[in-house]
Number of protein chains: 4
Amino acid sequence: MSDHRQGPVRSEAARVAVLDATSRLFAVKGYDHFTMEGVAAEAGVSKQTIYRWWSSKGELIAESLLEGRLFPDQFVPLETGDIHRDLSSWLHRIFALAEEPQGEFLVRSLIAAAAENADVGRRLNEQLGATDSLTERLQKAVDANQLRADAPLQEIGEALVGAVIMRALSRTPTDGPVIERLVSVVLGFSSASQPVR
Amino acid sequence: MSDHRQGPVRSEAARVAVLDATSRLFAVKGYDHFTMEGVAAEAGVSKQTIYRWWSSKGELIAESLLEGRLFPDQFVPLETGDIHRDLSSWLHRIFALAEEPQGEFLVRSLIAAAAENADVGRRLNEQLGATDSLTERLQKAVDANQLRADAPLQEIGEALVGAVIMRALSRTPTDGPVIERLVSVVLGFSSASQPVR
Amino acid sequence: MSDHRQGPVRSEAARVAVLDATSRLFAVKGYDHFTMEGVAAEAGVSKQTIYRWWSSKGELIAESLLEGRLFPDQFVPLETGDIHRDLSSWLHRIFALAEEPQGEFLVRSLIAAAAENADVGRRLNEQLGATDSLTERLQKAVDANQLRADAPLQEIGEALVGAVIMRALSRTPTDGPVIERLVSVVLGFSSASQPVR
Amino acid sequence: MSDHRQGPVRSEAARVAVLDATSRLFAVKGYDHFTMEGVAAEAGVSKQTIYRWWSSKGELIAESLLEGRLFPDQFVPLETGDIHRDLSSWLHRIFALAEEPQGEFLVRSLIAAAAENADVGRRLNEQLGATDSLTERLQKAVDANQLRADAPLQEIGEALVGAVIMRALSRTPTDGPVIERLVSVVLGFSSASQPVR
DNA sequence: TTTTAACCGAGACGGTACGTCTTGTCTTATA
DNA sequence: TATAAGACAAGACGTACCGTCTCGGTTAAAA
């Protein structure tokens, strides 16, 4: 008695070819001119092979995203000891991606993909570090007494990444001073006229 | 001498029928199952009439958005004198839209539309009040000495609306306490452990 | 009491412009790429003006044909006294039209128009002379005792013009000897091995 | 080594359904109200399947014609030994088709199709027997000394079929005596008053 | 060694939607 | 009231992809 499957095993070559084609075409075409037929042709693979392993274009993009094929970095914040500086440099790196012409296109394509597909949304969230690595960095700032113990770390990250997305969607260019102000806002250095309450 | 054009004038009935059909179908179908053929059929209008006046589905959606046909309110913040309370209630209203099942769908559809089409992005930005009415309310808070004179009002709005979008994209539900924390973050009441610098 | 009609009278300029445009476009486009909109634009006339006076493109073409705007000649047979020679030269003229590249196209377009529209069919028949002028010429041959008194003149004409059409439809080129043989066939000089009956 | 192609083979069911729909619709609609969309719907086939195999409506009609789906018979002349009787009966059969109301419509539709499309023209020529079977029958008449050895057989056929087409185009009804006269004309029994030359 | 289940490429299939084109009618303002 | 301009509803055009399915060929574990 056995539950071993028979037959050949999944072709790694096909899998890699599909993901390669996905990242190449997603960068060039964006989300909605990205087609399954295009991927099949570009990868030299049959459509059935794609649909056997990925049920939709969202899933394909989500997996490419997870494997870091859609943009290079992990966007892990630095740890110089200065939380303001570290958040600024982290945000600079993200905006740098979003500002270069093909990067802006990529970011909007990712947003479109996330809007259509829940997995892409979650993966994008993770990939931008808005969950783990950023929260860890903020926790260290709390430990170093640079942030209040009850600072809402999760919401700080969301507000920052959210601002990036807002600016991408409204096609508003972003420069250094804007980034500084954003970091100041969420770190609370510059808004309240007095520490009320 | 005359520069009057000849011929029939644009049919207001057709224009209204198209925009009505657009808002109805956009709410039901979302961005990418929203089709020009569907709009034409629903509006009882020929496709050519649509393409004569709107060059793409993005333009159609942008105009519906601008006319307030896609969601009801203008999302103008209240003015009770308490900026924290007013921002909270404003954000509650936005999240209330985003949290009801068809509202979440609408928000994601709008994000998808904004990602594909620059006009939709800009209009969405305006419509959510992230530009004018919100900034005006914040300015009043500055005048009332509730915010520092150099508080970056624009960035505060972007961070808040951005957070809404982040949560919509990552399918994270939002409750009252989260909203309170978000407002606290951007108003600077709760993050910095001491007013450094 | 008066029976004078009121208002402006039919514009002869518009009528001529339409028929001019018709012949020009029919020659260039052929029957089924010939469009009412094209005629209106080419003539500098509104579509309504065309539809007011001609109910269909067939009627338009029929009238152009009748006015001799689609091909120049009337194709009236000569009268040298030699019926064989006269029919040959008449057929040569018709084939000359049908053989030059744009002429072949014109002939096929006319056939298409005739197939769709009864008026065009009748007018084309008349214009090619298959009814009146050819029959007259044949009658003179009867009078001159070159043809039998009971020769079916109508059918002779039809057979000749029909052969032209057959060759146009099957894209078979035609040369001098073929024409000679056609004339011989219908004049009965070369078929019957003996004058039976 | 193998030259077998991979993948599914062309569906004979789809091919037959398309050609069936073609003949049915062509008979009902005629050439220019015959639409590819109509064929696809009638055949229960997608438009793409039609365009995959036939590049135009002309090609579709030509193939239907070739397969004998547009009119039943091959129009092969009989061989009773009497060439005049055989041609008459052959022409009677053709005119019988062209005279019944839907037949006249069919003939004109075929002429329109032939005028637009070279293949249809050639196929129609073949199908009416004007090339092979008729010429063979005439050759037998030559062998039987009923026609002169140098009778232009090809031209005789063209003149006869051409006359059918002329009458269809000019909407002239045809009766038995007309057919007799046509046959007499091309067989040379009744035209020349004397066997000149 | 044979069988057999699952893989693979190729690509045909029924569909939906695209954006364009043409038809014939209707509307407006001018002459 | 005839006209030019042109908006309109209707619907066909040919193209691009969708997701499913079928075909032959290949591979590797199970029998």
Side-chain angles (χ1 to χ4, degrees), chain A residues 1-2 4-11 13-14 32-41 43-53 55-57, chain B residues 2 4-11 13-15 32-38 40-41 43-53 55-57, chain C residues 5-11 13-14 32-38 40-41 43-53 55-57, chain D residues 2 4-11 13-15 17 32-41 43-53 55-57:
Chain A
M1 172 244 160
S2 160
H4 294 332
R5 40 179 296 324
Q6 274 178 325
V9 93
R10 175 173 186 181
S11 159
D32 76 343
H33 298 105
F34 172 92
T35 68
M36 298 300 251
E37 299 220 321
V39 173
V45 140
S46 78
K47 282 200 289 177
Q48 191 56 53
T49 296
I50 300 180
Y51 282 106
R52 186 165 13 242
W53 303 109
S55 67
S56 64
K57 69 187 211 181
Chain B
S2 162
H4 294 330
R5 39 170 256 77
Q6 274 178 324
V9 94
R10 177 174 184 180
S11 160
R15 186 183 153 272
D32 75 342
H33 297 105
F34 172 92
T35 68
M36 297 302 249
E37 300 221 320
V45 140
S46 78
K47 282 200 290 177
Q48 191 56 52
T49 295
I50 300 181
Y51 283 107
R52 184 165 15 244
W53 302 110
S55 67
S56 64
K57 65 190 217 178
Chain C
R5 25 176 264 77
Q6 282 175 324
V9 95
R10 176 173 186 181
S11 158
D32 75 343
H33 298 105
F34 172 91
T35 68
M36 297 301 251
E37 298 222 320
V45 140
S46 77
K47 282 199 292 174
Q48 193 54 53
T49 297
I50 300 180
Y51 282 107
R52 188 167 6 246
W53 303 110
S55 68
S56 65
K57 67 190 218 179
Chain D
S2 161
H4 295 330
R5 38 170 257 80
Q6 277 177 322
V9 95
R10 176 171 187 182
S11 159
R15 185 182 154 274
D32 76 342
H33 298 106
F34 172 92
T35 69
M36 297 303 248
E37 301 221 321
V39 174
V45 141
S46 78
K47 280 200 291 176
Q48 192 55 51
T49 296
I50 300 180
Y51 282 108
R52 183 157 25 237
W53 301 110
S55 66
S56 64
K57 66 190 215 178

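Letters go in sequence order (proteins before strands), and every chain restarts at 1. Remember, predicted model here, so these are calculated numbers, not experimental data.
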Would you kindly give the [atom1]-to-[atom2] distance between [X] and [N], to the nearest whole Å?
X	N	atom1	atom2	value
D:Asp32	F:dC13	CG	C1'	14 Å
B:Tyr51	F:dG6	OH	P	23 Å
D:His33	E:dT22	NE2	P	16 Å
D:Trp53	E:dC13	CH2	C1'	11 Å
A:Ile50	F:dT20	CD1	P	13 Å
A:Met36	F:dT20	CE	C1'	13 Å
D:Arg10	F:dC23	CZ	P	16 Å

Sugar-phosphate only, base, or nothing, as touched by B:Gly44 at under 4.0 Å among non-hydrogen atoms: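 Touches sugar-phosphate only.
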Compare every heavy atom of [Y] with every heavy atom of [X], then report the nearest pair and how far apart it is.
X	Y	answer
B:Lys57	B:Phe34	NZ-O, 3.1 Å
A:Ala40	A:Ser46	CB-C, 4.3 Å
D:Ala43	D:Ala17	CB-O, 3.4 Å

Within-4.5 Å side-chain heavy-atom neighbours: D:Ile50 and D:Val39: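 In contact.
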Side-chain donor/acceptor contact of [X] with base of [N] under 3.5 Å:
X	N	result
C:Lys47	E:dG24	yes
C:Glu37	E:dC21	no
B:Gln48	F:dC8	no

Axial cation check for D:Trp53 ring with D:Arg10, 6.0 Å and 45° limits: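 Cation-pi check for D:Arg10 and D:Trp53: passes.
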Residue mapping more 5' on DNA chain F - nearest nucleotide basis, A:Ser56 or D:Ser56: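 Residue closer to the 5' terminus by nearest nucleotide: D:Ser56.
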Side-chain N,O (B:Thr49) to OP1/OP2 (F:dA9) below 4.0 Å: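 Result: yes.
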Side-chain N,O (C:Arg52) to OP1/OP2 (F:dT3) below 4.0 Å: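 For C:Arg52, the contact criterion (side-chain N or O under 4.0 Å from OP1 or OP2 of F:dT3) is met.
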